[in-house]
Amino acid sequence: MAWTGKCPGCGEWNTLVETSATATGAGGPARKRSGVAAGRPVALREVSAERVSRLATGIGELDRVLGGGIVPGSLILLGGSPGIGKSTITGMALANLQAAGAETLYVSGEESASQVRLRAERLGPAALEVRALAETSLETILATIEAEKPAVVVIDSIQTLHRAELNGAPGSVGQVREAANALAEAAKRLDVAMILVGHVTKEGSLAGPRVLEHLVDCVLQFDGEKERTYRTLRAIKNRFGATSEVGVFEMRSGGLTEVVDPSARFVEEATGAVGSVVLTSMEGTRPVLVEVQALVNPSELEIPRRVVNGIDRNRLSMILAVLARHGGVGLGTSDVFVNVIGGVRIDEPGGDLAVALAVASAQRNQPAGGTGSKPLACFGELGLTGDLRYVGHADRRVAEANKFGLDPVIGPPGGDSLPGLAPCATVRQALRAAFPDERGPVAV
Ligand SMILES: Nc1ncnc2c1ncn2[C@@H]1O[C@H](COP(=O)(O)OP(=O)(O)O)[C@@H](O)[C@H]1O
Ligand SMILES: [Mg+2]
């Protein structure tokens with residue numbers, strides 16, 4: 001036993017919790033084992049598996065991300081930064097479930113019942129039928145769930161709960177783990193589905209309790225910028241569905257509205273101006289067009305600025321290096337700003353070419369695609385050797401861009417030739433295709 005304040009595993013302070021180990025020694029596990037009857041493994045074919053029907057939340061985008069609705073008795077962790085709309089979306093889901101005949105319970109540890117009511121008024125009459133409990137005591141919440149046996153419970157938020165006999169403030173690792181464990185046990189035993197709302201730290205991970213992530217069946221992450229209206233919902237983990245689906249929402253006065261055709265929204269204002277390019281990106285199984293903008297300015301700083309919004313900063317550094325080395329676009333003395341419109345985040349490598357062409361367009365002060373009346377659409381990953389790499393679903397990406405009149409689309413050469421695609425094998429070729437009067441060092 002030693003005094004330890006900092007966790008040797010993760011390097012964080014105040015994350016260690018005391019746990020009591022079961023007494024072992026004489027009469028311990030070794031002796032007991034002989035008296036225990038062995039379990040009987042069963043061939044999986046003989047295991048009965050009822051097909052459970054999922055509970056539809058009535059929010060199409062949420063149901064899709066969940067893999068078709070809430071599985072009864074499952075545990076869902078919903079993470080997101082404050083103000084992103086976690087209480088709103090869970091309130092809306094419960095309202096729909098309640099209206100469809102499922103019993104619901106909304107436990108608020110953060111807001112008083114009257115505050116919850118005010119939000120419900122904004123969401124509409126169905127939201128007022130949801131039963132609410134303003135409570136932070138874990139024991140009381142468990143007793144209530146036991147007594148009421150609702151089909152779906154929302155705990156908003158897991159970080160506000162505490163068990164009286166346990167040391168540590170609400171939100172500490174010990175309390176959060178205890179609360180989540182007790183709730184998980186109740187969920188399985190009573191067949192109550194639970195949505196645990198969790199805050200996200202500044203670093204972007206679900207606050208403190210990584211332990212929660214493997215305890216729950218599904219981890220949903222709500223992203224977006226508070227000041228912007230668009231929000232995306234993705235599954236980071238899902239025992240009952242794919243993790244690639246993304247739901248897109250818009251915050252309105254009546255709550256969160258699903259954005260069924262995100263492409264139309266994201267590109268409707270794209271004009272083909274200098275420094276603007278449309279990326280045909282894939283969000284799960286769905287192609288989505290997003291506008292990528294860049295601004296390049298002579299820098300007054302010794303180390304020029306690289307400012308990004310919606311893409312990874314290191315990714316931009318790599319793209320700039322490839323542009324300089326293989327595209328003849330030198331930006332060593334320029335500030336470079338890259339922004340993905342609408343608060344969208346691109347985290348697929350297929351976005352590289354769009355960033356490169358937006359930056360190149362800004363640098364040469366010339367619209368990509370030549371005409372300037374329509375934006376240029378493109379996709380593809382940049383290799384460090386200056387080649388344009390294949391990325392998945394080329395056909396769907398091209399079809400989506402064509403649907404919005406963007407033709408041709410610059411992308412890597414695929415297996416089959418696609419009518420709307422202008423295939424380019426290297427970043428140099430892509431620059432030539434995007435800027436038809438491109439001269440400079442040839443060699444493709
Ligand atoms: N009448 C309204 N019209 C539009 N947006 C609103 C309205 N009222 C609140 N909001 C927005 O809803 C968000 C709060 O959502 P909420 O679900 O409470 O977030 P969370 O629970 O994730 O902290 C805020 O960003 C706020 O701007
Ligand atoms: Mg909230």
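FYI, the numbering just counts along the sequence from 1. Counting starts at 1 for both ligands and their atoms, following the listed order.
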Stepwise side-chain contact (heavy atoms from CB on, under 4.5 Å) check, Leu431 with Val329: CA-CA 10 Å; Leu431 285 167; Val329 182; 4.2 Å; yes
Does any N or O atom in Arg119 lie less than 3.5 angstrom from one in ligand 1, N or O only? yes
If we number the atoms of ligand 1 from 1 as shown, the ones under 4.0 Å from a heavy atom of Ser87 are 17 (O), 18 (O), 20 (P), 21 (O)
Any ion pair linking Glu400 and Arg396 (charged N to carboxylate O, less than 4.0 Å)? no
For Thr88, the ligand 1 atoms whose distance to one of its heavy atoms is below 4.0 Å: 15 (O), 16 (P), 17 (O)
Less than 3.5 Å between some nitrogen or oxygen of Gly85 and one of ligand 1, yes or no? yes
Side chains of Asp63 and Thr57: do they bring a donor and an acceptor to under 3.5 Å? yes
Tell me the nearest of Arg231, Met92, Arg122 to atom 6 (C) of ligand 1, using heavy-atom distances. Arg122
Partner of Ile319 under side-chain contact (heavy atoms from CB on, under 4.5 Å), picked from Leu382, Val338, Asn314, is Leu382
Would you check whether Gly80 reaches within less than 4.0 Å of ligand 1, judged by its heavy atoms? no
Nearest heavy-atom neighbours spanning Ile158 and Ala179: CD1-CB, 4.0 Å
Got an N, O or S from Thr88 under 2.8 Å of the Mg ion (ligand 2)? no
Working for side-chain contact (heavy atoms from CB on, under 4.5 Å), residues Tyr106 and Arg131: CA-CA 6 Å; Tyr106 183 91; Arg131 285 180 308 156; over 6 Å; no
Do Asp156 and ligand 1 have an N or O pair less than 3.5 Å apart? no
In terms of heavy-atom contacts, does CZ of Arg163 have more than 12 from other residues, nucleotides or ligands at under 6.0 Å? yes
Can you list the atoms of ligand 1 that are under 4.0 Å from a heavy atom of Met251? 5 (N), 12 (O), 13 (C), 15 (O)
Polar contact flag for Gly83 and ligand 1 (N/O pairs, less than 3.5 Å): yes
Step-by-step side-chain hydrogen bond (donor to acceptor under 3.5 Å, both in side chains) determination, Glu110 to Ser157: CA-CA 7 Å; Glu110 293 193 343; Ser157 69; 3.0 Å; yes
Could you list the atoms of ligand 1 found under 4.0 angstrom from a heavy atom of Pro82? 23 (O)
Region of Lys86 that comes within reach of ligand 1 [heavy atoms, distance under 4.0 Å]: both
